[in-house]
Amino acid sequence: MLRVQNLEVVYDDVMLVLRGVSLQVPPGRIVALLGANGAGKTTLLRALSGLLGVHDGAITKGAVTLDEKPIHRLRPAAVVRRGVTQVMEGRRTFAELTVEENLRLGAHTRPKGRAEALERMYGLFPVLAQRRGSVAGYLSGGEQQMLAMGRALMSDPAYLLLDEPSLGLAPRLVEQVRDLIVQINRAGTGVLLVEQNATMALSIAEHGYVLETGKVVLDKPAAELLADDDIREFYLGRAERSFRDVKHYKRRKRWLS
Amino acid sequence: MKDFVESVLRGIGTGSVYALLGLGFVIIYKATRVISFAQPAFMLAGAVLVTYLVGPLGFFLGLAAAAVLTGGLALGVERLAVRPMIGRPVFTVAIITLGIDIAVRVVVNAAIGLDVRQVGDPWGLKVWKLPGGVQVEQRHVAMVLTTAVLIALLFVFFRYTRTGLAMRAASYDQEAALAQGVSVGAVFALSWALAGALAAVAGTFAAVGGSVSESLWLIALTALPVIILGGLDSLPGAVIGGLAVGTVQELTATYQGSLPWLGGNISVVTPYVVMFLVLLVRPYGLFGTREVERV
């Protein structure tokens, strides 16, 4: 179980970005994390994977535990070694390295099983197998997303943190990425899926959290979230209600938090 | 003709020393985006260490040991003085490396003392005679061979090993490398150690056929035009830049007598002239990478 407890994160000693967030990802499940821009989704992932330091961020309260052991004081390499790997927003593949080198780097913490892991990735992403020798910078957006996911999976993580995997992809590619996430999950990897594309995320997730200005405002099974009126209006683009109801939603948010 | 061939051979010899020095600069630059001005001091330190180690160990073992020790020294210096500055402006770090350079050189100069110190190499100024009466100095052949071996080792290291791959990845995108479990701190330390070891070898070969003196570090200044014309972040660029600068310098030294109005020491200036001309045509340097982009 990957658990976040009452987490508070501050950037540059002054900017309070997460204000007591709690959530949990059970092993082998998909959990969706939704929220508008600037809600703190990426910050939460950074806190999980130990990358806050790069951005002058620090955890001031709360804890992140993996199977009841705290991991929020560990360095990124140690977090990866324990089985939590993040796929960063915007793919961030190493454009100057080849596809295969990118994947090999993914197994940096686990050099022993590298050959088998490579074969597994080429089975999961046949496109990458075709282009294994080409420079990653020349791949298409969809291929780069697959490369980023494959690279993260090379460390054989128990939990995969995906930050906006559908960003900038055509609808058909979004579907493909969605299917891949399901496939990865079936193989036993827990997934924390951060998405703006709420329909896609909730259609495969088991549980969903909605983050707003650094707080969890909704926390329900994904099916219920999909049916939730507020979610339908704010994330799925159904504006059938009057502004009085918007106000109602705001008020409710205050009660919840 | 004989003069020409001889000076080209000499140029390739000294050029390979420049190449080694340039490689050190480039490795540090790629890892940390800083030009380390401490390289000249490590070069001097390596040569001086060899003069002490050559007695008990012999030249080759002494050279290897000096390279390892200088690498260790560079690693320690990185830990103490450079690591705390991570995330600070690159300019600040570059100035700190200038300070390190002066500090290390003062200590090393004290170790040189008053006597003439020689690296005790087996070549001295001996020459081989090639057909056609061309003479090639043995030390230059040794420089070229050593450099070739080291470049081959570096190539294999960066291309095939796990650590080498991690270093390349970290030089491209540090945060993404961190997210894959690469320790970027270790990459910084390793790049300094590698550069220190290369500088030690270069310094020793620069002193072959002469003696180690305080002014040896001046040779390292030539590495600056070398890396800039090669394109700062390119390892092949450093090698080719080094060889080009060495060759041009020796050719000028040979033929400058026929252009007396240029004065007696124009060959010293040629590296900068070459750099200037290359930058006019290719502002990124010969092999400096513009970013790989999808069109």
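Numbers restart at 1 for each chain; the letters A, B, ... are given by sequence-line order, proteins then strands.
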Note to self: Rounded to the nearest 0.5 Å, what separates atom CG in A/Leu147 from atom CG in A/Asn102?
What the structure shows: 4.5 Å
Margin query: Taking side chain as everything from C-beta outward and backbone as N, CA, C, O, which of these in A/Arg151 sits under 4.5 Å from a heavy atom of chain B? Side chain, backbone, both or neither.
Written below: both
Notebook entry, point to check: Does any donor atom in the side chain of A/Thr43 or A/Tyr11 lie under 3.5 Å from an acceptor atom in the other side chain?
Noted result: yes
Check: So which of A/Met88, A/Arg81, A/Gln86 has the biggest tally of heavy-atom pairs under 4.5 Å with chain B?
Finding: A/Met88
Margin query: Taking the basic N atoms (NZ, or NE/NH1/NH2) and the acidic carboxylate oxygens, is any pair closer than 4.0 Å for B/Asp233 and B/Lys30?
Written below: no
Item checked: Per-residue contacts, residues 109-129 of chain A versus chain B, heavy atoms under 4.5 Å -> A/Thr109, A/Pro111, A/Arg114
Next item on the list: For the pair B/Arg168 and A/Glu101, find out whether any cationic side-chain nitrogen is under 4.0 Å from an anionic carboxylate oxygen.
Entry: yes
Next item on the list: Answer yes or no: does atom CZ of A/Arg132 have more than 12 heavy-atom neighbours from other residues, nucleotides or ligands under 6.0 Å?
Entry: yes
Note to self: Quick check on the interface: out of A/Val87, A/Val54, A/Leu51, A/Thr93, who has the most heavy-atom pairs with chain B under 4.5 Å?
What the structure shows: A/Leu51
Notebook entry, point to check: What are the two closest heavy atoms between A/Val64 and A/His72, and how far apart are they?
Noted result: N-ND1, 3.1 Å
Note to self: Tell me whether the count of non-hydrogen atoms from other residues, nucleotides or ligands lying under 6.0 Å of CZ in B/Phe157 goes above 12.
What the structure shows: yes
Next item on the list: With a 4.5 angstrom heavy-atom cut-off, could you sort out which part of A/Thr85 is near chain B: side chain, backbone, both or neither?
Entry: side chain
Item checked: Region of A/Leu105 that comes under 4.5 Å of a non-hydrogen atom in chain B -> both
Notebook entry, point to check: Does the pair A/Asn37 and A/Gln196 meet the rule for a side chain to side chain donor-acceptor pair (under 3.5 Å), with working shown?
Noted result: CA-CA 8 Å; A/Asn37 290 334; A/Gln196 300 257 4; 2.4 Å; yes
